[in-house]
Visitor: 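What follows is a single structure, and I will ask about it in a moment.
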Amino acid sequence: TIAAGTVIKMPQGAQFEVDGKLTAIGTRSEPIIFTAVSDDLVGGDTNEDAEEVEPVPGSWDAIWLDNSETILDHVQIRYAGNRVSPGNASWRTSALHVRNESSPKIRNTQILDAENTGIYINSGSPEFDRVQIARAGGNEAIFLEQAADPSFSNIVAIDNAADRVTLRSSILQEDRTWDFSGLPLHLTSDFRIAATATLTIVAGTNIKLPEGVQFEVDGGLNAVGTLSEPIVFTSERDDSVGGDTNLDEEDEIAVPGGWDALWIDSSNVLLEHTTFRYGGNRVNPGNNSWRTSAVHVRGDVAPTLRNVR
């Protein structure tokens with residue numbers, strides 16, 4: 001148990017690992033802070049360096065959560081993200097890890113100035129509410145493995161290298177709901193909903209796909225947007241929805257054929273107020289040998305598509 005107002009300072013490469021139970025409940029005026037030993041802005045100059053060394057992203061490793069009986073509330077995690085030393089590209093890591101099917105509760109928490117991704121979720125069903133990720137230097141604010149089933153509400157990502165969620169996509173075997181508090185979702189590779197699973201996508205979700213990647217539905221898909229908050233499937237280069245989240249600083253523009261297609265092989269599909277942009281090539285834009293339709297309905301199936309563009 002960590003009392004409100006406690007400041008924990010970590011040396012280079014040090015990690016904070018939780019196999020047992022951690023209760024860290026601060027308050028708005030007295031948050032619990034995990035930071036670098038060089039961070040003199042909280043707790044003063046306690047490493048006696050006379051302010052000669054300033055904290056930088058990657059000044060310590062990370063928090064690793066492997067237990068479901070963990071609560072973080074009104075906690076700050078500052079300057080984490082490297083297992084060895086700041087700037088060591090071989091040892092960059094996320095500031096907060098959730099592993100081993102654990103389901104901790106993280107509320108009113110800030111992850112600030114991480115060298116790499118803010119949050120990495122390997123598995124489990126952790127709960128995140130009112131969490132802010134700011135100035136993280138990785139390719140995304142949050143990275144998910146396919147086995148992870150987190151819940152997100154009131155998530156804010158600001159001034160990160162990319163204000164997005166990335167999913168290492170493969171085959172979805174269990175029911176899921178995609179709700180990322182308005183953050184765009186990037187898929188890394190082909191995604192398939194198995195016959196055993198149903199995916200629900202909430203209104204306003206933007207799903208961005210790289211070149212040649214397909215989205216296949218053998219099970220259930222409920223993608224119901226609204227007129228003001230459509231669900232959008234588009235190219236990772238499309239900066240017009242969800243912002244510039246592929247780290248190209250607008251050097252590349254979205255073009256037709258920027259990703260493969262939606263392939264529907266199930267009648268258990270409802271698409272409403274859903275938009276498909278820049279699909280149509282299985283390999284890369286302009287490859288005439290691999291041009292394809294943006295949406296495919298195959299076999300003897302009867303999905304429902306309404307108000308779809």
Side-chain angles (χ1 to χ4, degrees), residues 1-3 5-24 26 31-102 104 106 109-124 126 128 131-145 148 157 159-162 166 168 247:
T1 299
I2 304 176
T6 301
V7 176
I8 300 106
K9 296 194 174 185
M10 311 285 289
Q12 282 189 10
Q15 67 181 27
F16 192 102
E17 185 173 358
V18 182
D19 296 326
K21 180 179 180 180
L22 172 64
T23 302
I32 294 166
I33 300 175
F34 292 82
T35 190
V37 293
S38 55
D39 187 357
D40 299 340
L41 294 178
V42 291
D45 180 12
T46 53
N47 64 334
E48 299 181 345
D49 65 353
E51 301 181 355
E52 292 178 2
V53 179
E54 294 184 357
V56 295
S59 289
W60 59 288
D61 185 351
I63 296 177
W64 302 74
L65 301 180
D66 297 303
N67 185 283
S68 296
E69 292 186 281
T70 292
I71 299 175
L72 305 182
D73 196 345
H74 287 99
V75 171
Q76 290 183 9
I77 304 169
R78 300 156 58 112
Y79 301 112
N82 203 298
R83 298 183 186 181
V84 176
S85 60
N88 189 319
S90 299
W91 292 98
R92 300 176 76 205
T93 190
S94 303
L96 177 65
H97 297 247
V98 179
R99 305 181 301 181
N100 295 328
E101 297 291 340
S102 62
I106 295 95
T109 291
Q110 293 179 299
I111 300 172
L112 307 174
D113 300 293
E115 183 174 324
N116 197 29
T117 300
I119 299 170
Y120 170 82
I121 307 173
N122 171 272
S123 56
F128 294 85
V131 172
Q132 181 190 63
I133 305 159
R135 302 181 297 278
N139 291 337
E140 53 274 315
I142 301 170
F143 191 98
L144 306 176
E145 299 290 354
D159 294 333
N160 300 288
T166 298
R168 197 193 309 271
L247 305 174

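All values reported here derive from a predicted model rather than from experimental measurement.
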Visitor: Who pairs with Q12 by side-chain hydrogen bond (donor to acceptor under 3.5 Å, both in side chains), at least two apart in sequence or on another chain?
Guide: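 With neighbours one apart ignored, the set is empty.
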Visitor: Evaluate the criterion side chain to side chain contact (heavy atoms under 4.5 Å, CB included) for residue pair V131 and I106; output intermediate values, then yes/no.
Guide: CA-CA 8 Å; V131 172; I106 295 95; 3.9 Å; yes
Visitor: Among residues at least two apart in sequence or on other chains, which ones pass side-chain hydrogen bond (donor to acceptor under 3.5 Å, both in side chains) with N82?
Guide: E115
Visitor: What is the distance from atom CZ of F16 to atom CD1 of I8, rounded to the nearest 0.5 Å?
Guide: 6.0 Å
Visitor: For the CD1 atom of I119 and the CD1 atom of I142, what is their distance to the nearest 0.5 Å?
Guide: 4.5 Å
Visitor: Quick check against the 3.5 Å criterion: does S123 have a side-chain atom that pairs as donor or acceptor with the backbone of E101?
Guide: yes
Visitor: Who are the side-chain hydrogen bond (donor to acceptor under 3.5 Å, both in side chains) partners of S59, not counting sequence neighbours?
Guide: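 In terms of side-chain hydrogen bond (donor to acceptor under 3.5 Å, both in side chains), with neighbours along the sequence ignored, S59 is linked to no residue.
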Visitor: Is the shortest heavy-atom distance from the side chain of T117 to the side chain of N139 under 4.5 Å?
Guide: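 No; the side chains remain at least 4.5 Å from each other.
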Visitor: With a 4.5 Å cut-off on side-chain heavy atoms, are I121 and P126 touching?
Guide: yes
Visitor: Can you find a pair of side-chain heavy atoms, one from L112 and one from Q132, that are under 4.5 Å apart?
Guide: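 Yes, at least one pair of side-chain atoms sits under 4.5 Å.
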Visitor: Can you check whether E69's main-chain N or O pairs, donor with acceptor, with N67's side chain at less than 3.5 Å?
Guide: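 Yes; judged by distance alone, with no hydrogens or angles, the pair exists.
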Visitor: Locate the shortest heavy-atom distance separating A141 from A157; write the atom from each residue and the value.
Guide: CB-CB, 4.0 Å
Visitor: Between F34 and W60, what is the ring plane arrangement, given parallel below 30°, perpendicular above 60°, and tilted in between?
Guide: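 It falls in the parallel class, under 30°.
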Visitor: Within the structure provided, determine whether L72 and F128 are in side-chain contact (heavy-atom separation under 4.5 Å).
Guide: no
Visitor: If you look at every heavy atom in L65 and S102, which pair is closest and at what distance?
Guide: O-OG, 3.3 Å
Visitor: With E145, which residues qualify under side-chain hydrogen bond (donor to acceptor under 3.5 Å, both in side chains), at least two apart?
Guide: Y120, R168
Visitor: So which heavy atom on A134 is nearest to which on N160, and how close?
Guide: C-OD1, 3.4 Å
Visitor: For A14, check side chain to side chain contact (heavy atoms under 4.5 Å, CB included) against everything at least two apart and list the hits.
Guide: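 Listed in chain order: M10, P11.
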Visitor: Considering all heavy atoms of both residues, which atom of A95 and which atom of A80 are nearest to each other, and what is their separation?
Guide: CB-CB, 3.9 Å
Visitor: Only counting residues at least two apart or in another chain, list the ones meeting side chain to side chain contact (heavy atoms under 4.5 Å, CB included) with R99.
Guide: E17, W64, D66, H97, N122
Visitor: Before you tell me yes or no, could you show the steps for T23 and I2 under side chain to side chain contact (heavy atoms under 4.5 Å, CB included), namely the whole-Å CA-CA distance, both residues' side-chain angles and the distance that decides it to 0.1 Å?
Guide: CA-CA 6 Å; T23 302; I2 304 176; over 6 Å; no
Visitor: Find out whether Q76 and T109 are in side-chain contact, i.e. whether some heavy atom of one side chain is under 4.5 Å from a heavy atom of the other.
Guide: no
Visitor: Is the shortest heavy-atom distance from the side chain of I63 to the side chain of V75 under 4.5 Å?
Guide: no
Visitor: For D113, check side chain to side chain contact (heavy atoms under 4.5 Å, CB included) against everything at least two apart and list the hits.
Guide: P57, Y79, R135
Visitor: If you define the side chain from C-beta out and look only at heavy atoms, does anything of V37 sit under 4.5 Å from T46?
Guide: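 Counting from C-beta outward, V37 and T46 never come under 4.5 Å.
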Visitor: Contact between T166 and L144 at the side-chain level, heavy atoms closer than 4.5 Å - yes or no?
Guide: no
Visitor: Out of curiosity, I77 CD1 to I111 CD1, how far, rounded to the nearest 0.5 Å?
Guide: 4.5 Å
Visitor: My understanding is that only residues two or more places apart in sequence, or in another chain, count here; which of them pass side chain to side chain contact (heavy atoms under 4.5 Å, CB included) with V7?
Guide: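 Scan of V7 (side chain to side chain contact (heavy atoms under 4.5 Å, CB included), adjacent residues dropped) gives K9, I33, T35, V42.
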